[in-house]
Amino acid sequence: MSGMARDLRVEGLAKRFGGLRVLEDVDFTLPPGAVLGVIGPNGAGKTTLINVITGRTPPTAGRILLGSQDVTGWPTHALSRLGVVRSFQQTNTFKTADVRENVARALRFSRGGLDGWTRLVPLLRDFGLADRLEEQSDKLPYGLQKMLGLVLAYAADPQVLLLDEPAAGLERSERSRVDDFVHHVSRQGCSVLIVEHDMDLVRRLCPEILVLDAGAVLARGAVAEVLARPDVIAAYVGADAGDAV
Amino acid sequence: MHEFWSAAIIGVSLGAQYALLALGFTLIFGILGVINFAHGGFYALGGYVAYSAVSGLGLPYPLAVLAAVLVTAALGYVYELFVIERFVDDHLATMMLTLGLYLMISTGLLAVFGPQSPEFSFPVKGSYSIGALRIAKENLVVLAVCGCAIGAIYWLIYRTDLGRALRALADDRQVATTQGMRPRLLFPLAFGLATGLAGLTGALVTPILALSPSAGDPVLVTSFLTVILGGLGSIAGATIAALIVGFIEAYASVYLGGSAGALVLFIMVLVILLARPTGLFGRQIRGA
């Protein structure tokens with residue numbers, strides 16, 4: 001990772017769509033190298049939180065700071081070049097391009113730079129993409145498309161990486177690759193925010209979690225403690241919570 | 001037999017013209033997701049700018065063509081930057097905005113130049129003869145310029161960083177912006193490039209065909225037909241479809257007569273689209 005690692009600080013973040021409150025007074029800090037899980041029921045505002053932080057939609061109130069720099073409302077491309085990068089729930093690849101061109105585009109226009117290939121070689125090899133560089137990305141198996149999406153996000157040389165359900169749609173046997181990926185990037189000093197419904201994955205990867213409910217922070221803290229709280233159990237999975245979490 | 005070869009040469013020349021128009025049209029659709037109903041207007045405007053530069057300013061024809069390209073490209077760039085850009089994801093709004101621009105251009109030309117076609121002839125006259133076959137020099141010049149322009153577009157799109165960014169935006173705008181690409185910088189460039197191509201075609205072709213404020217009407221129809229046949233948003237598809245349309249028009253005109261030619265063209269396109277609804281090179285789902 002190039003440049004000095006910086007905290008991502010979110011202060012009093014709110015987002016409303018008309019009269020609908022989607023986020024309300026969300027605060028957290030993500031230090032360099034930290035991994036934070038964000039969980040909550042469907043409609044809790046998890047993806048909106050990523051959308052607002054990465055400039056896809058402006059906040060209604062609150063601030064987003066990278067180190068001491070206020071980046072609230074910055075456009076997505078500018079945040080990307082600053083090192084705030086996201087992935088999407090669906091595969092985030094250039095579908096008509098082959099794997100090599102996907103990576104080349106990601107490197108060329110992001111802060112990753114074309115000399116970033118060597119940084120990506122271990123990931124491409126571990127994900128089984130190194131032998132498939134000439135294949136069109138949307139012809140790859142779904143799991144590999146998801147992995148390519150993670151490689152592209154990492155190609156942008158992120159300081160802060162926001163992953164929106166990285167394990168969604170993956171076979172159980174493929175999910176360990178997400179673990180490997182997160183361990184790899186966090187070791188480089190990159191902080192990671194993971195929105196995920198797979199609680200096993202959250203437990204494995206995230207020392208801390210933040211629970212959103214109806215757009216507000218219901219709880220934040222160590223994963224085991226938070227997941228044991230009755231209000232979290234009730235909000236997240238309802239009566240069968242004990243089994244699920 | 002010489003009719004066959006004459007039609008072939010006319011077909012290539014027409015195909016090259018249509019390819020320039022269709023490339024611009026498909027670039028705008030593929031990258032911005034906008035159907036540019038003003039495309040024919042830029043064609044007519046290109047013709048009038050070249051005409052004005054030659055007859056009003058006394059510029060030599062090649063410089064007049066260059067002026068037409070620059071004016072139409074600049075107008076397209078500015079219109080995208082200040083108008084289209086605000087509504088770029090609203091299909092109905094962009095349809096109305098481009099249609100409105102076409103009406104403004106055509107009525108503006110009508111108000112300034114009047115309804116009569118001005119005297120604007122191609123500076124290269126005569127023909128080459130090979131046996132019974134005669135090839136008009138103007139067709140060869142147009143073919144050469146269009147060929148060079150098509151080559152330049154392919155080079156730009158497939159061999160430069162700008163082209164790589166434009167292809168990335170056409171592929172998936174969300175992913176492209178996440179990787180640091182700037183739609184607000186690139187969209188006006190793509191639009192200006194496309195309208196400049198329409199202006200170039202107008203400056204080249206209207207001295208041979210006819211120059212009038214409504215000269216863009218058939219151009220819009222042909223461009224639309226060509227890109228639909230080639231597959232919306234497909235650059236290779238637009239080029240190949242343009243050549244197919246050019247050949248069909250030329251051969252049908254030579255062997256069946258003018259109006260029958262248009263009929264044959266529409267029937268053939270209909271048959272192809274029935275077999276391949278996404279066009280020859282179209283995708284099932286467009287990312288842009």
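As a basis for the values below, the full set of heavy atoms in this structure was taken, side chains included, without hydrogen atoms, waters or symmetry mates. The sequence lines fix the lettering, A, B, ..., with proteins before strands; numbering per chain opens at 1.
Contact annotation for A:Leu152: both backbone and side-chain heavy atoms come within less than 4.5 Å of a heavy atom of chain B. In this structure, chain B has no heavy atom under 4.5 Å from any part of A:Ala155. The contact between A:Arg81 and chain B is made entirely by side chain atoms (from C-beta outward), counting heavy-atom distances below 4.5 Å.
Of all heavy-atom pairs spanning B:Ala168 and A:Arg105, the tightest one is CA-NH1, 3.5 Å. Listed here is the closest heavy atom pair of A:Ser80 and B:Gly180: OG-N, 3.5 Å.
Contact annotation: the side chain of A:Phe94 never approaches that of B:Arg167 to less than 4.5 Å [non-hydrogen atoms, C-beta and beyond]. Taking the side chain as every heavy atom from C-beta outward, A:Arg108 and B:Gln179 never approach each other to under 4.5 Å. A heavy-atom distance below 4.5 Å is not found between the side chains of B:Val175 and A:Thr93. Residues B:Arg184 and A:His77 form no side-chain contact, since every pair of their non-hydrogen atoms from C-beta on lies 4.5 Å or further apart.
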side-chain contact (heavy atoms from CB on, under 4.5 Å) between B:Arg182 and A:Phe109, intermediate numbers included: CA-CA 9 Å; B:Arg182 298 176 63 183; A:Phe109 299 104; over 6 Å; no
Please test B:Thr178 against A:Thr76 for side-chain contact (heavy atoms from CB on, under 4.5 Å), starting from the C-alpha separation and ending with a verdict. CA-CA 6 Å; B:Thr178 302; A:Thr76 304; 4.2 Å; yes
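Ion pairing between a basic and an acidic side chain is recognised when a charged N comes within 4.0 Å of a carboxylate O; B:Asp171 and A:Lys95 show no such pairing.
Counting non-hydrogen atoms of other residues, nucleotides and ligands closer than 6.0 Å to CZ of A:Arg175 gives a total above 12. Counting heavy atoms of neighbouring residues, nucleotides and ligands inside a 6.0 Å radius, atom CE of B:Met104 exceeds 12 of them.
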